[in-house]
Amino acid sequence: MKLLQICNVGNICGGTAACAWTIQRALPGWSHQVWFRSRPTSETAAAFSGATICHVPQINTRVIHESGADVALLHNIGPFPDEINGSPEFPSLVIQYHHSQGVRQTADLHVACSQWLGNQLSLRPAVLYQPVPVPLDGSFSPRDRFTDELIIGRLCTPTARKWPAELVLFYRNLARRHRNVQWEFVGAPQPMQPQLADACEGRVRFHEPDWQARQHLRRWHVLLYSQPHFTETFGRTVAEAMRAGCVPIVDSQGGFVEQIETGETGFLCSTREEFHLAVSELSNPATRWRHSLAAKARADSLFSLRAFAERFYAQISSFATP
């Protein structure tokens, strides 16, 4: 079987390319093509080893037909300029994978990355959670989960909307109340780093937001993320953290709510005080270990490569069944 995936942005760090990369690994028995509407970076090209990747700025029914794909999976792709509904030259199955709201190309089957997003769409598509890998780091030992020092990290793309200025005060208040915490940031914009370092009283490390950065999740005890003014439809980094045994503390909104069982596999917080209480609870190594195991078990059942493959085949089968 031949799978063609189409993404808008050719950057493995951010956008939907990371999802497409993991889908390639979730379906090892397929032949894979991945098209990007913007030119893929060298890091992206290296990551997609084993797949045929192309820069195809203009997507239409003709070029998809010429690809010879059995299934075309469109990641947030807008309407084609020459859409031909019911064309016999169209691939056998076209799936639109909705990662956010917006006007999208029509398809045979529509799926959403979360129930929260599905409820926002008039189509009410089926839910297909993204697959995420287990970040690998040979230097990690499970014994590290029992240290008195608590390592709390934040990992996201270095865009202004992900790093609002109010974060400095947010971390200053937490750092003053939790002096046992080592703070780490991946993707913090350069101008903000001195402010965050001062807010965290110097107990801080900064890392570049490259493709290997997710390996830090293996060392971190906690992933803490708050940006209440921007709702995430699905927390991919949250899912990766959980699979690594890193406990998430995040805003109680969007796709996070269905990913985390608060107080069991992580913490959903609506106020700054709730973030403080969650950090306090996870300062206990035994409590932290219990949450870590529970988070990993839940993420393995919902977001593993095997879980995605099973749900993907179920969606295809349901479409094929009269």
Side-chain angles (χ1 to χ4, degrees), residues 1-37 40 43-56 59 63-77 90-99 104-105 107-114 117-118 125-136 211 214 233-237 239-240 242-244 255 259 298-321:
M1 295 286 283
K2 297 180 180 179
L3 175 65
L4 168 64
Q5 298 190 76
I6 303 176
C7 302
N8 288 305
V9 181
N11 190 342
I12 194 71
C13 297
T16 60
C19 178
W21 175 84
T22 321
I23 289 174
Q24 176 193 347
R25 280 146 184 78
L27 304 172
W30 291 57
S31 173
H32 292 272
Q33 295 183 65
V34 186
W35 292 355
F36 298 98
R37 299 181 72 178
E43 188 177 31
T44 302
F48 277 93
S49 175
T52 301
I53 68 169
C54 300
H55 174 215
V56 185
I59 307 296
V63 295
I64 290 181
H65 169 62
E66 291 174 352
S67 74
D70 297 294
V71 177
L73 185 60
L74 317 180
H75 293 272
N76 263 9
I77 300 301
F90 217 69
S92 58
L93 179 60
V94 181
I95 304 174
Q96 179 72 257
Y97 201 165
H98 296 261
H99 297 274
R104 308 293 180 223
Q105 167 65 26
D108 299 311
L109 180 64
H110 291 260
V111 295
C113 66
S114 68
L117 176 60
V127 176
L128 183 64
Y129 290 129
Q130 292 187 31
V132 299
V134 178
L136 299 177
W211 180 233
R214 65 189 190 281
T233 59
F234 177 81
R236 182 174 176 85
T237 304
E240 285 189 281
M242 293 171 71
R243 292 210 69 199
Q259 292 177 255
R298 178 170 174 81
D300 286 348
S301 68
L302 293 178
F303 314 126
S304 68
L305 276 62
R306 175 179 293 181
F308 173 86
E310 291 175 351
R311 291 180 171 89
F312 180 76
Y313 286 125
Q315 290 295 330
I316 294 176
S317 298
S318 66
F319 177 80
T321 303

*Asks:* Does the plane of the ring in His75 sit parallel, tilted or perpendicular to the ring in His99? Use 30° and 60° as the thresholds.
*Replies:* parallel
*Asks:* With side-chain contact (heavy atoms from CB on, under 4.5 Å) as the criterion, how do Ile64 and Ile6 come out once you've worked through the C-alpha distance, each side chain's angles and the decisive distance to 0.1 Å?
*Replies:* CA-CA 10 Å; Ile64 290 181; Ile6 303 176; 3.9 Å; yes
*Asks:* Are Gln33 and Ser67 side-chain neighbours, meaning at least one heavy-atom pair lies under 4.5 Å?
*Replies:* yes
*Asks:* Ignoring hydrogens and geometry, is there a side-chain-to-backbone donor-acceptor pair from Arg214 to Glu240 under 3.5 Å?
*Replies:*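 Between the backbone of Glu240 and the side chain of Arg214 there is no qualifying donor-acceptor contact (under 3.5 Å).
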*Asks:* Give, for atom CG of Leu93 and atom CG of Asp70, the distance between the pair rounded to the nearest 0.5 Å.
*Replies:* 9.5 Å
*Asks:* Looking at Leu27, is its backbone amide N or carbonyl O close enough to the side chain of His32 to form a donor-acceptor pair, meaning the two atoms are under 3.5 Å apart?
*Replies:*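 Such a contact is found between His32 side chain and Leu27 backbone.
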*Asks:* Quick check: closest heavy atoms across Ser49 and Gln24, and the distance to 0.1 Å?
*Replies:* O-NE2, 3.0 Å
*Asks:* Ignoring hydrogens and geometry, is there a side-chain-to-backbone donor-acceptor pair from Gln315 to Leu128 under 3.5 Å?
*Replies:* no
*Asks:* Measure the CZ-NE2 distance between Arg104 and His110 for me, rounded to the nearest 0.5 Å.
*Replies:* 11.0 Å
*Asks:* When rounded to the nearest 0.5 angstrom, what distance separates SG in Cys7 from CH2 in Trp21?
*Replies:* 13.5 Å
*Asks:* Testing the basics here: between Pro131 and Leu305, what is the closest heavy-atom pair and its distance to 0.1 Å?
*Replies:*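 Heavy atoms of Pro131 and Leu305 come nearest at CB-CA, 4.2 Å.
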*Asks:* About how many Å separate CG of Asn76 and SG of Cys19, when rounded to the nearest 0.5 Å?
*Replies:* 10.0 Å
*Asks:* To the nearest 0.5 Å, how far apart are CG in Leu74 and CG in Leu109?
*Replies:* 11.0 Å
*Asks:* Considering only heavy atoms from C-beta outward, does the side chain of Arg243 approach that of Leu302 to under 4.5 Å?
*Replies:* no
*Asks:* Closest heavy-atom contact between Gly68 and Lys2?
*Replies:* O-CD, 3.4 Å
*Asks:* Minimum heavy-atom separation for Leu117 to Ser114, with atom names?
*Replies:*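 The pair with the smallest heavy-atom distance is N-OG, 3.1 Å.
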*Asks:* Assign the ring pair Tyr313 / Trp30 to parallel, tilted or perpendicular, where the plane angle (0 to 90°) is split at 30° and 60°.
*Replies:*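 Rings of Tyr313 and Trp30: tilted, 30 to 60°.
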*Asks:* Looking at every non-hydrogen atom in both residues, tell me the closest pair between Cys113 and Thr233 and how far apart they are.
*Replies:* SG-OG1, 3.6 Å
*Asks:* Stepwise, does the side-chain contact (heavy atoms from CB on, under 4.5 Å) test hold for Gln5 with Tyr97?
*Replies:* CA-CA 10 Å; Gln5 298 190 76; Tyr97 201 165; over 6 Å; no
*Asks:* Can a side-chain donor-acceptor contact be found between Arg236 and Gln130 if the only test is distance below 3.5 angstrom?
*Replies:* yes
*Asks:* Please say whether the positively charged group of Arg37, taken as NZ for Lys or CZ for Arg, lies over the ring of Trp35, i.e. under 6.0 angstrom from the six-membered ring centre and within 45 degrees of the axis.
*Replies:*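 Relative to the ring axis of Trp35, which defines the angle, Arg37 lies outside at least one limit.
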*Asks:* Can any side-chain N or O of Gln96 pair as donor or acceptor with the backbone N or O of Ile77 at less than 3.5 Å?
*Replies:* yes
*Asks:* If you round to the nearest 0.5 Å, how far is CE of Met1 from CD1 of Ile316?
*Replies:*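 With rounding to 0.5 Å, CD1 (Ile316) is 6.0 Å from CE (Met1).
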*Asks:* Looking at Ile12 and Ala18, what are the two nearest heavy atoms and their distance?
*Replies:* O-CB, 3.7 Å
